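To start, the structure itself, in structure tokens.
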Amino acid sequence: MINKDTVLASAKKTILSESESIAKLVAFLDDNFVKTVEIIFNSNGRLVVTGIGKSAIIAQKIVATLNSTGTPSLFLHASEAIHGDLGMVQPGDVVICISKSGNSPEIKVLVPLLKRFGNKLIAITGNTTSFLGKEADFVLNTYVETEACPINLAPTNSTTAQLVMGDAIAVCLMEMKNFTAEDFAKYHPGGALGKKLLLRVGDMLDATHRPVVAPDSSVKSAIHEISEKRLGVTAVIENEKVIGIITDGDIRRMLNKTENISGLTAQDIMTKNPKTIKSTDMVSDALNILEDFSITQLVVVDNGDYKGVIHLHDILKEGIV
């Protein structure tokens, strides 16, 4: 019978079991780990990560993490390797083989082939005396006493330990390479972080929607320009320079104060000295200015030349938050 208490108790037990297994990995770290990181760091080839079963899935995640943090890596499925995919491994590549037992049939076939190629072989295994443990150049111990699985069969603690060991390698390599947020963005140009670090104001400007009115333009003309360009603002331009802006808010405030607007011009209702930004500045910088001054538009000006308007809504659409 399922009830709230038993479900929560089971979940807590699983999480605690896995966290305890991970914590014990610290005691297993030794010179093998140091040499592993050094070999990968100094390698002129790629890092090939292989495994079978659940370990293969962990290998794929480790490869994804390494690639996104500046270490060229590829996944090789152990069973496919012995049926042609071994050609993926090139001279100079370093190979990590992941296996809890270290004695899987596919591993026993694959390891001698890798050794024959002369590639450095690193084992991530929970059994250091296994076939894989004995054949590898370096062994990273991911031994766990039990699985979180109630029947101690489904890989849970063991696969989590493998994943954490892979993360430890990736983070060490990042620090050795002085890998920065800007570097990370290069590999994630489509993500929110990539856009935040790479997208510039000029990349978002629409030259066909550049609202402009003259200082002596009528208020009606200003309203038409704001509506036509759909940015909620228009720049007031004199002698090719921005002398002010008129926003939706300026229009509303004017209507609240003035009964007869027929004699008013753009310069009568504009806001002088508007906040500006350069087209070469980062969009993230534009967002910070908008937030700091509680405004929704910024005038883009390069060396005094009016380039357009960047709107908060357009920034949010790009997922930059």
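Numbers here simply count residues along the sequence, with the first being 1. Any value given below was found using the heavy atoms of this structure, including those in side chains, with hydrogens, waters and symmetry copies removed. Keep in mind the model is a prediction, meaning the values are calculated, not measured.
- Rounding to the nearest 0.5 Å gives a distance of 12.0 Å between CD1 of Ile223 and CD of Glu225.
- Arg200 and Asp203 are not joined by a salt bridge, as no carboxylate oxygen comes within less than 4.0 angstrom of a charged side-chain nitrogen.
- In this structure the side chain of Asp93 never reaches within 4.5 angstrom of the side chain of Leu47, judged on heavy atoms.
- Across all their heavy atoms, Lys241 and Asp305 have their closest contact at NZ-OD1, 3.9 Å.
- Arg210 contributes a side-chain N or O that, together with a main-chain N or O of Tyr306, makes up a donor-acceptor pair within less than 3.5 Å.
- Under the 4.5 Å side-chain criterion, counting only non-hydrogen atoms from C-beta, Thr296 is not in contact with Leu290.
- Listed for the Gln297 side chain is no donor-acceptor partner under 3.5 Å among the backbone atoms of His311.
- A distance of 11.0 Å separates OG in Ser221 from CD1 in Ile226, rounded to the nearest 0.5 Å.
- The shortest side-chain heavy-atom distance between Ile52 and Leu110 does not fall under the 4.5 Å cut-off.
- Rounded to the nearest 0.5 angstrom, Asn152 CG and Ser158 OG are separated by 9.0 Å.
- Of all the heavy atoms in Met270 and Gly244, the pair that sits closest is SD-CA, 3.9 Å.
- When all heavy atoms of Ala286 and Ile310 are compared, the closest pair comes out as CB-CD1, 4.4 Å.
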Show your working on side-chain hydrogen bond (donor to acceptor under 3.5 Å, both in side chains) between Thr69 and Asn67 and close with a plain yes or no. CA-CA 5 Å; Thr69 53; Asn67 279 324; over 6 Å; no
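- Here the straight-line distance linking atom CG of Leu231 with atom CG of Asp314 works out to 7.0 Å at 0.5 Å rounding.
- Between Met165 and Leu29 there is a side-chain heavy-atom pair separated by less than 4.5 Å.
- In this structure a side-chain-to-backbone donor-acceptor pair under 3.5 Å is missing from Thr265 to Ser217.
- Tested against Leu298, the residues Val301, Val300, Ile295 include a single side-chain contact (heavy atoms from CB on, under 4.5 Å) partner, Ile295.
- Taken together through direct or relayed side-chain contacts under 4.5 Å among Ile, Leu, Val, Met, Phe, Trp and Tyr, Val89 and Leu66 form parts of separate hydrophobic clusters.
- Checked by atom type, the side-chain pair Thr71/Lys177 shows a donor-acceptor distance below 3.5 Å.
- Linking ILVMFWY side-chain heavy atoms closer than 4.5 Å, directly or via other members, places Met176 and Ile96 in a single hydrophobic cluster.
- Evaluated for a side-chain contact (heavy atoms from CB on, under 4.5 Å) with Ile246, the options Asp268, Ile251, Val219 yield exactly one hit, Ile251.
- Counting heavy atoms from C-beta outward, Val242 and Pro274 have side chains that approach closer than 4.5 Å.
- In plain terms, the two heavy atoms of Ala214 and Val236 that are nearest each other are C-CG1, 4.1 Å.
- Asn127 places no side-chain N or O within donor-acceptor distance of the main-chain N or O of Lys100, the cut-off being under 3.5 Å.
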What verdict does the side-chain hydrogen bond (donor to acceptor under 3.5 Å, both in side chains) test give for Glu18 and Thr156, after you've listed the backbone C-alpha separation in whole Å, the side-chain angles of each residue and the deciding distance to 0.1 Å? CA-CA 7 Å; Glu18 295 205 9; Thr156 44; 4.5 Å; no
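- Looking only at atom types and distance, the side chain of Thr65 has a donor-acceptor partner in the side chain of Lys61 under 3.5 Å away.
- Remark: side-chain polar atoms of Ser19 are paired, donor with acceptor, to backbone N or O of Leu16 under 3.5 angstrom.
- Judged by the 6.0 Å and 45° rule, Lys35 forms no cation-pi pair with Phe138.
- Counting only distance, with no hydrogens or angles, the side chain of Ser43 and the backbone of Gly92 share a donor-acceptor pair below 3.5 Å.
- The closest side-chain donor-acceptor pair between Ser279 and Asp302 falls under 3.5 angstrom.
- Linking Ile, Leu, Val, Met, Phe, Trp and Tyr whenever their side-chain heavy atoms come within less than 4.5 Å puts Phe117 and Ile107 in one cluster.
- Atom CD of Glu145 sits in a sparse spot, with 12 or fewer heavy atoms from other residues, nucleotides or ligands closer than 6.0 Å.
- The neighbour count for Asn44 CG, taken as heavy atoms of other residues, nucleotides or ligands under 6.0 Å away, does not exceed 12.
- With 3.5 Å as the limit, one finds a donor-acceptor pair spanning the side chains of Asp250 and Thr247.
- At least one side-chain heavy atom of Leu264 sits less than 4.5 Å from a side-chain heavy atom of Met254.
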Please report the C-alpha distance between Lys54 and Ile58 in whole Å, then the side-chain angles of each, then the deciding distance to 0.1 Å, and finally whether the side chain to side chain contact (heavy atoms under 4.5 Å, CB included) criterion is met. CA-CA 7 Å; Lys54 303 299 186 297; Ile58 297 300; 5.7 Å; no
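- A donor-acceptor distance shorter than 3.5 angstrom exists from the side chain of Ser101 to the backbone of Asn103, with no hydrogens or angles considered.
- The two residues Lys278 and Val201 make their nearest non-hydrogen contact at O-CB, 3.6 Å.
- A 4.5 Å side-chain heavy-atom check between Gln60 and His77 finds every atom pair outside the cut-off.
- Taken from CG in Asp5 to OG in Ser10, the straight-line distance is 12.5 Å, to the nearest 0.5 Å.
- Two residues are said to be in side-chain contact when any heavy atoms from C-beta on lie closer than 4.5 Å; Lys229 and Thr234 fail this criterion.
- Residue Ile39 is grouped with residue Ile62 when hydrophobic side chains (ILVMFWY) are merged at heavy-atom distances under 4.5 angstrom, including chains of intermediate members.
- Within a 6.0 Å radius of NZ in Lys275, other residues, nucleotides and ligands contribute 12 heavy atoms or fewer.
- Lys108 contributes no side-chain N or O that, together with a main-chain N or O of Phe131, makes up a donor-acceptor pair within less than 3.5 Å.
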Stepwise side chain to side chain contact (heavy atoms under 4.5 Å, CB included) check, Met88 with Val48: CA-CA 9 Å; Met88 295 166 62; Val48 180; over 6 Å; no
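- Interatomic distance, CD1 of Ile124 versus OG1 of Thr36, reported as 8.0 Å (0.5 Å rounding).
- Across Ala123 and Leu132, no two heavy atoms sit closer than the pair CB-CG, 3.6 Å.
- When the side chains of ILVMFWY residues are joined at heavy-atom separations under 4.5 Å, either directly or via intervening members, Leu140 and Ile98 end up in a single hydrophobic cluster.
- A distance-only check finds no donor-acceptor pair linking the side chain of Asp137 to the backbone of Ile122 [under 3.5 Å].
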